[in-house]
Amino acid sequence: MAVAPVTYGASERPPRGDYSRARSDYTCEQDWDTYTAAEHALYARLFQRQLRQLPGQACDEFVHALGPMDIGRAIPRFEDISDALRRSTRWEIVAVPGLIPEHAFFSLLAGRRFPVTVWLRRPEEFDYIVEPDVFHDLFGHVPLLFNPVFADYMQAFGVGGLKAEGLHALEYLARLYWYTVEFGLISTPGGLRAYGAGILSSAGETVYSLTSHKPQRLSFSLERVLRTPYKIDDYQDSYFVIDSFAQLFDATAPDFTPIYQRVGSAPELPINGRLPGERLYAPNAPVAAVPSTS
Ligand code: HBI
Ligand code: FE
């Protein structure tokens, strides 16, 4: 059954991908044999460049998980990753043609199934792409699914998303996803580290999010994040910093109904606004830029 493609965030641009191949739950076949040698080579260059960015920038949990994942030489077969992931945290990855509607997305996460886009960006998009491609999803999102606490947070997020639908609160949960799973920072004794997939799959935003003096870095607070909109086609103006993944998981524990009511009656905050008394994190010291190998 052909399914309708979706738009992403505020953009009305139709997403890329062949949705005619998708099943009713928006999953599809990866068709690994259709990738070209040039695509495997482009993916490997993206991977090798980001690998060199990780020391001192990616959180330890990400670096530890990436180690055993043999996903650097070519676009991996999703089934091979799922075999390892099932044994580790009972997650698996499923192929999707691209962005999928919130309900399908939350339903997959609630079932410990992470949707990974099958298509790869074009060479001219080496440094930046707005929509998630296979490199963003695999390199950015999958490693932390090997971390037990983060894996449980992602499932709790999916379950929460299905409840949010009934409460017309999807935009709030999209913000929580954006400022944690996509663009989250974590505080460590060695300084700030990135755990968000949107940061870790982007050479430019990895350095920018941790060392630039332009954006502000604030302590993560659930209701603060739910009140803060985001932009999907540029680096962020604000990043939110957690102390641990347990803090994230605990934030999803309460019943969100009263939280949505409080947030719904409070004014939306400007993307780069600051609440009275909010503590700013200083950026990390600059790191030697990794030469782009594009
Ligand atoms: N679909 N494939 C895919 N990947 C995403 O990250 C994704 C999505 N659909 C919706 C979505 N993310 C966001 O709106 C989430 O906040 C729900
Ligand atoms: Fe993503």
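Here, residue 1 is the first one in the sequence, and each next residue gets the next number.
Residues forming a side-chain contact (heavy atoms from CB on, under 4.5 Å) with Ser88 (at least two apart in sequence, or on another chain): Phe146. Not counting sequence neighbours, the partners of Arg122 by the salt bridge (charged side-chain N to carboxylate O under 4.0 Å, His left out) test are Glu124, Glu125. The salt bridge (charged side-chain N to carboxylate O under 4.0 Å, His left out) check on Glu29 picks up Arg23, with sequence neighbours excluded. Partners of Asn272 under the side chain to side chain donor-acceptor pair (under 3.5 Å) rule, at least two apart in sequence or in another chain, do not exist in this structure. Under the side chain to side chain donor-acceptor pair (under 3.5 Å) criterion, Asp152 pairs with Arg112, not counting sequence neighbours.
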Carefully, step by step, assess Arg224 and Glu278 under the rule side-chain contact (heavy atoms from CB on, under 4.5 Å).
-> CA-CA 10 Å; Arg224 173 39 160 121; Glu278 271 196 315; 2.8 Å; yes
Step-by-step side-chain contact (heavy atoms from CB on, under 4.5 Å) determination, Leu275 to Leu269 = CA-CA 9 Å; Leu275 288 174; Leu269 296 171; 3.8 Å; yes
For Phe78 and Leu138, what are the C-alpha separation, side-chain angles and deciding distance, and is it a side-chain contact (heavy atoms from CB on, under 4.5 Å)?
-> CA-CA 9 Å; Phe78 291 0; Leu138 259 184; 4.1 Å; yes
In sequence, state the C-alpha distance, the side-chain angles, and the governing distance for Tyr172 and Glu223, and then conclude on side-chain contact (heavy atoms from CB on, under 4.5 Å).
-> CA-CA 9 Å; Tyr172 295 130; Glu223 296 195 24; over 6 Å; no
Could you check Asp133 against Arg16 for salt bridge (Lys or Arg N to Asp or Glu O under 4.0 Å), going step by step and ending with a plain yes or no?
-> CA-CA 9 Å; Asp133 70 337; Arg16 288 151 66 163; over 6 Å; no
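The NZ atom of Lys214 lies 13.0 Å from the OG atom of Ser209; values are rounded to the nearest 0.5 Å. Rounding to the nearest 0.5 Å gives a distance of 12.5 Å between CG of Leu42 and OH of Tyr35. Atom-to-atom distance recorded for Ile199:CD1 and Gln57:CD is 10.0 Å, nearest 0.5 angstrom. Going from atom CG of Leu109 over to atom CE of Met154 covers 5.0 Å, rounded to the nearest 0.5 Å. Atom CE of residue Met69 and atom CG of residue Asp80 lie 11.0 Å apart, to the nearest 0.5 angstrom. One distance of note links CG of Leu280 with OG of Ser219; it measures 9.0 Å at 0.5 Å rounding.
A salt bridge links Arg175 with Glu171: the distance from a Lys NZ or Arg NE/NH1/NH2 to an Asp or Glu carboxylate oxygen falls below 4.0 Å. Salt bridge Arg77/Asp83: absent, no basic N to carboxylate O contact under 4.0 Å.
By the 4.5 Å heavy-atom criterion applied to side chains, Ile93 and Arg113 are not counted as neighbours. Using a 4.5 Å cut-off on side-chain heavy atoms (C-beta onward), Pro254 and Ile259 make contact. Two residues are said to be in side-chain contact when any heavy atoms from C-beta on lie closer than 4.5 Å; Val225 and Trp178 fail this criterion. Looking at heavy atoms from C-beta onward, Phe47 lies in side-chain contact with Leu66 at the 4.5 angstrom threshold.
Here the two rings, on Phe62 and Phe139, have centers that are under 6.0 Å apart. Between Phe157 and Phe106, the distance from one ring center to the other falls under 6.0 angstrom. Remark: aromatic rings of Tyr195 and Phe245 are close, center separation under 6.0 Å.
A donor-acceptor pair under 3.5 Å is formed between the side chain of Asp137 and the backbone N or O of Thr117. One N or O on the side chain of Gln53 and one on the backbone of Ala203 form a donor-acceptor pair closer than 3.5 Å.
Below 30°, between 30° and 60°, or above 60°: for Tyr230 and Tyr179 the angle between ring planes is above 60°, a perpendicular geometry. Note: Tyr128 and Tyr235 have perpendicular aromatic rings, judged against thresholds of 30 and 60 degrees for the angle between ring planes. Using bins of under 30°, 30° to 60° and over 60° for the plane-to-plane angle, the ring pair His136/His141 lands in the perpendicular bin.
Counting heavy-atom neighbours within 6.0 Å of Arg262 CZ, excluding the residue itself, gives a total above 12.
The nearest pair of heavy atoms linking Ser187 to Leu192 is CA-CD2, 4.2 Å. Residues Tyr26 and Pro97 share a closest heavy-atom pair of O-CD, 3.2 Å. Between Phe249 and Thr252 the shortest heavy-atom distance is O-OG1, 2.6 Å. Here the shortest heavy-atom pairing between Phe135 and Ser201 reads CE2-O, 3.6 Å. Of all heavy-atom pairs between Leu46 and Phe126, the closest is CD2-O, 3.5 Å. A pairwise comparison of heavy atoms in Thr89 and Ala151 identifies CB-CB, 3.8 Å as the closest pair.
In this structure, a donor-acceptor pair under 3.5 Å is absent between the side chains of Trp32 and Glu79.
Clustering ILVMFWY residues whenever any of their side-chain heavy atoms sit less than 4.5 angstrom apart, transitively, puts Val159 in a cluster other than the one holding Leu222.
Legend: salt bridge (charged side-chain N to carboxylate O under 4.0 Å, His left out) pairs involving residues 199-212, not counting sequence neighbours: none detected.
Relative to the ring axis of Tyr281, Arg279 places its NZ or CZ within 45° and under 6.0 Å from the centre.
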